[in-house]
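Here's the structure we're looking at; comments come further down.
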Amino acid sequence: MRISELYDTDIFKRDVYIIGSGPSLEVFPFSYLINKTCILLNDTHRYTPAFLGPCVFANNKSFIKNSVQGIRIVKGRLRFDPGPEKDDNHVPWDHPELYVFSYREPPWDKTSHHNIESLWSEPDYFWSPVGGNVSHFAIQFALLAGAKSISLIGCDSIPLAGQEYVSTKEQRSHVKRKYDAYIVGTEILMQEAKNKFQVPIVSITPFAGLGNEVEKFRRMKEWKNG
């Protein structure tokens, strides 16, 4: 199913909360998100209460195979190199259970999704900067689906107290985080949201505005652990 099939529904035409598995999620009060419309990124559903939803949004189908959320969205093709339909993330448009974005039929990836000129050019195909992450795709989806506002939670663009993810998440040491690209991509989309859609995007952390984020995160973990 194409992701654009969701744009005309009323599901996301409200305040939307995009939830990542960054370290700040560890001290976020989940009760705040009860009855909120949440988009859980990649495997974030493994570290959040079951009531969060209604949507899991992933770069790769491996992240969502155990998800119990109702709406599952996945990038249809992860790799750029040409080849037969056998790579680990081949998800065709007509998948009966998953909503699909950024899938290219042959010739593969004729248009790079890193080209800023492709932004908003196709309803089922999303842009990201080189080194960007799944939150950039989810922001574009939320805007196209009619979100009234977008709040980012746990979408951290820096390590906190040496952590890159919630502490219960298995680390992938071979993956190099490109935090500068995370920041730049989000800033571009914030400007687009304001100018093109008149929709505000904010990042919510429990220690926003209190100065030294790393120190506040460390202290809040101490409070949480008693």
Side-chain angles (χ1 to χ4, degrees), residues 3-42 44-45 47-59 67 69-73 75 99 101-102 116 119-129 132-158 160 166 179 181-210 213 216-217:
I3 196 172
S4 55
E5 295 177 29
L6 293 168
Y7 296 163
D8 292 330
T9 69
D10 293 331
I11 298 170
F12 299 97
K13 291 179 172 53
R14 57 199 69 187
D15 298 325
V16 170
Y17 297 79
I18 296 176
I19 316 297
S21 56
S24 68
L25 189 70
E26 197 163 304
V27 292
F28 195 88
F30 288 122
S31 59
Y32 172 76
L33 297 171
I34 294 175
N35 297 325
K36 302 283 198 305
T37 299
C38 298
I39 298 175
L40 307 181
L41 300 180
N42 285 339
T44 301
H45 60 89
Y47 313 102
T48 58
F51 65 76
L52 294 189
C55 177
V56 172
F57 191 107
N59 251 339
S67 169
Q69 303 296 328
I71 297 173
R72 295 181 295 167
I73 299 171
K75 187 174 181 182
Y99 288 93
F101 71 94
S102 295
I116 188 63
L119 182 59
W120 316 123
S121 65
E122 300 179 49
D124 296 294
Y125 198 75
F126 299 148
W127 166 84
S128 81
N133 66 5
V134 66
S135 65
H136 298 144
F137 298 138
I139 290 170
Q140 290 165 77
F141 164 68
L143 290 170
L144 291 169
K148 293 182 178 179
S149 70
I150 298 173
S151 297
L152 306 177
I153 295 171
C155 298
D156 304 317
S157 293
I158 58 171
L160 293 171
V166 291
Y179 288 117
Y182 295 1
I183 294 169
V184 170
T186 303
E187 287 176 344
I188 289 172
L189 291 173
M190 290 177 75
Q191 288 295 318
E192 288 286 307
K194 180 185 73 171
N195 297 332
K196 182 178 176 65
F197 296 89
Q198 290 77 57
V199 171
I201 298 178
V202 298
S203 181
I204 302 177
T205 66
F207 39 79
L210 297 179
E213 289 89 351
K216 298 303 180 293
F217 173 68

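Small disclaimer: the values here were computed from a predicted structure and weren't measured.
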TODO: Apply side chain to side chain contact (heavy atoms under 4.5 Å, CB included) to Ile73 and Ile71, showing your working.
DONE: CA-CA 7 Å; Ile73 299 171; Ile71 297 173; 4.0 Å; yes
Task: Any donor-acceptor pair under 3.5 Å from Ser128 side chain to Asn133 backbone - done: no
Open item on the list: Between Leu40 and Thr48, is the side chain to side chain contact (heavy atoms under 4.5 Å, CB included) condition met? List the steps.
Closed with: CA-CA 9 Å; Leu40 307 181; Thr48 58; 3.9 Å; yes
- [ ] Apply the test ring-ring contact (aromatic ring centres under 6.0 Å, His included) to residues Tyr125 and Trp120: give CA-CA distance (whole Å), side-chain angles for both, the deciding distance (0.1 Å), then the verdict.
- [x] CA-CA 8 Å; Tyr125 198 75; Trp120 316 123; over 10 Å; no
Open item on the list: Side chains of Leu160 and Ser24, heavy atoms from C-beta outward: is any pair under 4.5 Å?
Closed with: yes
Open item on the list: Looking at Asn195, I want to see if its CG is surrounded by more than 12 non-hydrogen atoms of other residues, nucleotides or ligands under 6.0 Å.
Closed with: yes
TODO: Dump the intermediate steps for side chain to side chain contact (heavy atoms under 4.5 Å, CB included) on Ile188 and Ile116, then the final yes or no.
DONE: CA-CA 10 Å; Ile188 289 172; Ile116 188 63; 4.2 Å; yes
Would you tabulate the side-chain donor-acceptor contacts of residues 143-153 under 3.5 Å, counting partners in other chains and residues two or more places apart, or write 'none'?
residue: Ser149; atom: OG; partner: Asp15; partner atom: OD1; Å: 2.7

Task: CD on Glu122 to OG on Ser102, rounded to 0.5 Å - done: 8.5 Å
Open item on the list: I need the minimum non-hydrogen distance between Trp127 and Leu119, along with the two atoms involved.
Closed with: CB-CD1, 3.8 Å
TODO: For the pair Gln140 (side chain) and His136 (backbone), establish whether a donor and an acceptor sit closer than 3.5 Å, ignoring hydrogens and angles.
DONE: yes
Task: Val134 and its side-chain contact (heavy atoms from CB on, under 4.5 Å) partner, picked from Asn59, Thr44, Ile18 - done: Asn59
TODO: Give the minimum heavy-atom separation between Cys155 and Gly20, together with the two atoms involved.
DONE: SG-N, 3.8 Å
- [ ] Establish, yes or no, whether a centroid distance under 6.0 Å links the rings of Phe141 and Phe12.
- [x] yes
- [ ] Hey, could you give me the OH/CD1 distance between Tyr179 and Ile158, rounded to the nearest 0.5 Å?
- [x] 8.5 Å
Task: Minimum heavy-atom distance between Asp124 and Ser4, given as atom pair plus value - done: OD1-OG, 2.8 Å
Task: Heavy-atom pair with the smallest gap, counting every atom of Ile11 and Thr37 - done: O-CG2, 3.9 Å
- [ ] Measure the shortest side-chain to side-chain distance between Phe137 and Lys75 over non-hydrogen atoms and say whether it is less than 4.5 angstrom.
- [x] yes
Task: Pairing residues for Glu192 by the salt bridge (Lys or Arg N to Asp or Glu O under 4.0 Å) criterion, not counting sequence neighbours - done: none
- [ ] Identify the heavy atoms of Asp156 and Gly22 that sit nearest to each other, and give their distance.
- [x] OD2-C, 3.1 Å
Task: Non-hydrogen atoms of Tyr7 and Lys13 that approach each other most closely - done: O-NZ, 2.6 Å
Task: Note, Ile19 side chain near Ile39 side chain (heavy atom, < 4.5 Å) - done: no
Got a list of side-chain donor-acceptor pairs under 3.5 Å for residues 28-35, not counting sequence neighbours?
none

